Amino acid sequence: MAWLLLLVLASIWGTSFILMKKGLVVFSAMELGATRVTVASLLLLPFALRHVGSVERSRFKWLALSGVVGTFIPAFLFAYAETKLASGLAGVLNALTVVFTLLVGALLFGQRLTALRVLGITLGLVGTVLMLLLGGSGGAETPTGEGNAWYGVYILIATIGYGLSVNVIKHKLGGLTPVAVTSVLLMLIGGPALAYLLLGTDFVHKLATVPGAWAAFGYIALLATMSTAVAMVLFNKLIQQSTALFASSSTYLIPIVALAWGALDGEAFNLWHFAGMVVILAGVLIIHRAK
C-alpha cells in the first residue's frame, strides 16, 4: 500500500508544475497561490468541521505551523518561481524536499545525521547549483534563460518548508487521521487565503473580463483538488504508514513526470540540467540508503 501511494502521489505532484504554468497564463503568482489554497480548503471544509472538535488544543499550533510552512507559503513560492523557471525544472528542484526533510529532522527532531547522509545533502545542494548556474532556467524570457535561474531559490525555500512540515506531521501529529490533519490544517490557512484573494488581488475582475481566465482557473482548481487536497490526504497517510524519509521519496519520480509534461509543452532541457538532476537524485538515493 505504501508503494502504491508513493506512485499515485508522484503522478499527481509531477503534473502540478505544468498546471501552475497554465494557470499563470492569466493569473499572477499571488493570485494562483491564494486560489490554490482557498479552493483546497473549501473542498475539505466539511471534513474539517467534522474533525475539528476531536483535535486537542495543544495540537492546533502544530497544525497551523505545518499548514503555513508546508502549504500556504510554498503555494506562493512555487508559483512565483514558475513565472521565470520552466515547470520541468521546478519539478526536479522539488527533489530537495528529501534533503531538507533529513536536515530539519536532524536539527530539530533528533534524527541521526551520519557521514553518508551529509554526503547526500551535499550532493543535493551541489546538483542544484550545477543545474541553475550552468543550465539556466529553461524559461522563455531570454533565449536560454540564464538570467532567470536564481528563481530556483524560491523553490529551495519552499522545500525547506516541506521538510519542516513532514517532520511536524510525523513527530507531533501522530494519532490523527490523514483526513483530519489535512482538512483542519487547510481550514486554518484557508480563511487568510480567501480574504487576500478577494480583497487584495484582481482575481474576480480577471475572471469576469479576461479571455481565457476560466480555463486558467480550471487548471488551478484541478491543481488545488488533486495536488493539494487529495494528495495531502494521501501524503499524510503515507507519513503515518512509513517514515518521513520514505514519504518524501516520491521526489524520485516527480521529476520524471514533470519533465515529461514540460517536454510536451516545448520547454528546454539541456545537458547541464540533466547533470544537475542526476547529482540531486544521487544525493537523495544516498540519503535513503544511509544508515
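Since we're looking at a predicted model, the values are computed, not measured. What you see below is based on every heavy atom in this structure, not just the backbone, and it leaves out hydrogens, waters and symmetry mates.
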In a table with atom names and distances, give each donor-acceptor pair under 3.5 Å that connects a side chain of residues 214-223 to protein atoms at least two apart or in another chain.
{"unit_1": "W214", "atom_1": "NE1", "unit_2": "L207", "atom_2": "O", "d": "3.2"}

Does the plane of the ring in Y80 sit parallel, tilted or perpendicular to the ring in Y154? Use 30° and 60° as the thresholds.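 Y80 vs Y154 ring planes: perpendicular.
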
Does [X] reach the main-chain N or O of [Y] with its side chain, forming a donor-acceptor pair under 3.5 Å?
| X | Y | value |
| --- | --- | --- |
| T97 | N94 | yes |
| W272 | L130 | no |
| E31 | D202 | yes |
| E267 | L259 | no |
| K61 | S58 | yes |
| R59 | G174 | yes |
| T182 | V179 | no |
| S54 | H51 | yes |

Are any of the side-chain heavy atoms of [X] and [Y] separated by less than 4.5 Å?
| X | Y | result |
| --- | --- | --- |
| V118 | T114 | no |
| V129 | L125 | no |
| F203 | F27 | yes |
| L197 | T35 | yes |
| S87 | M20 | no |
| L176 | L173 | yes |
| T15 | I18 | yes |
| R36 | S227 | yes |

Listed by chain and number, what are the side chain to side chain contact (heavy atoms under 4.5 Å, CB included) partners of F109, not counting sequence neighbours? V104, L164, N167, V168, H171, K172

With sequence neighbours left out, write down each residue that passes side chain to side chain contact (heavy atoms under 4.5 Å, CB included) with S41, or none if nothing qualifies.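 With neighbours one apart ignored, the set is L186.
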
Minimal non-hydrogen separation, [X] against [Y], with atom names:
| X | Y | value |
| --- | --- | --- |
| G152 | L85 | CA-CD2, 4.0 Å |
| I286 | L116 | CG2-O, 3.1 Å |
| G91 | P255 | O-CG, 3.8 Å |
| G124 | I280 | O-CG1, 3.5 Å |
| F78 | A90 | CE2-O, 4.1 Å |
| I12 | M226 | CG2-O, 3.4 Å |

Do V204 and V25 land in one hydrophobic cluster if side-chain heavy atoms of ILVMFWY residues count as linked below 4.5 Å? yes

L271 reachable from I256 in the ILVMFWY side-chain graph, under 4.5 Å edges: no

Under the criterion side chain to side chain contact (heavy atoms under 4.5 Å, CB included), I'd like the reasoning laid out for V68 against I189: C-alpha separation, chi angles, the key distance, then a yes or no. CA-CA 7 Å; V68 170; I189 62 175; 4.2 Å; yes

Any chance you could lay out the side chain to side chain contact (heavy atoms under 4.5 Å, CB included) test for L45 and M187, step after step, and finish with the verdict? CA-CA 6 Å; L45 183 58; M187 183 182 70; 4.0 Å; yes

Atom [atom1] in [X], atom [atom2] in [Y]: separation rounded to 0.5 Å?
| X | Y | atom1 | atom2 | result |
| --- | --- | --- | --- | --- |
| K206 | S28 | NZ | OG | 5.0 Å |
| T159 | L77 | OG1 | CG | 9.5 Å |
| K22 | L32 | NZ | CG | 13.5 Å |
| T128 | L89 | OG1 | CG | 11.0 Å |
| I254 | L9 | CD1 | CG | 7.5 Å |
| L123 | L281 | CG | CG | 11.0 Å |

Quick check on L199: does its CG atom have over 12 non-hydrogen neighbours (other residues, nucleotides or ligands) under 6.0 Å away? yes

CZ/F274: more than 12 non-hydrogen atoms of other groups inside 6.0 Å: no

Check step by step if side chain to side chain contact (heavy atoms under 4.5 Å, CB included) holds for Y162 and F100. CA-CA 8 Å; Y162 285 159; F100 290 114; over 6 Å; no

Applying side chain to side chain contact (heavy atoms under 4.5 Å, CB included), run through R117 and L103 and close with a yes or a no. CA-CA 9 Å; R117 286 177 169 175; L103 198 54; over 6 Å; no

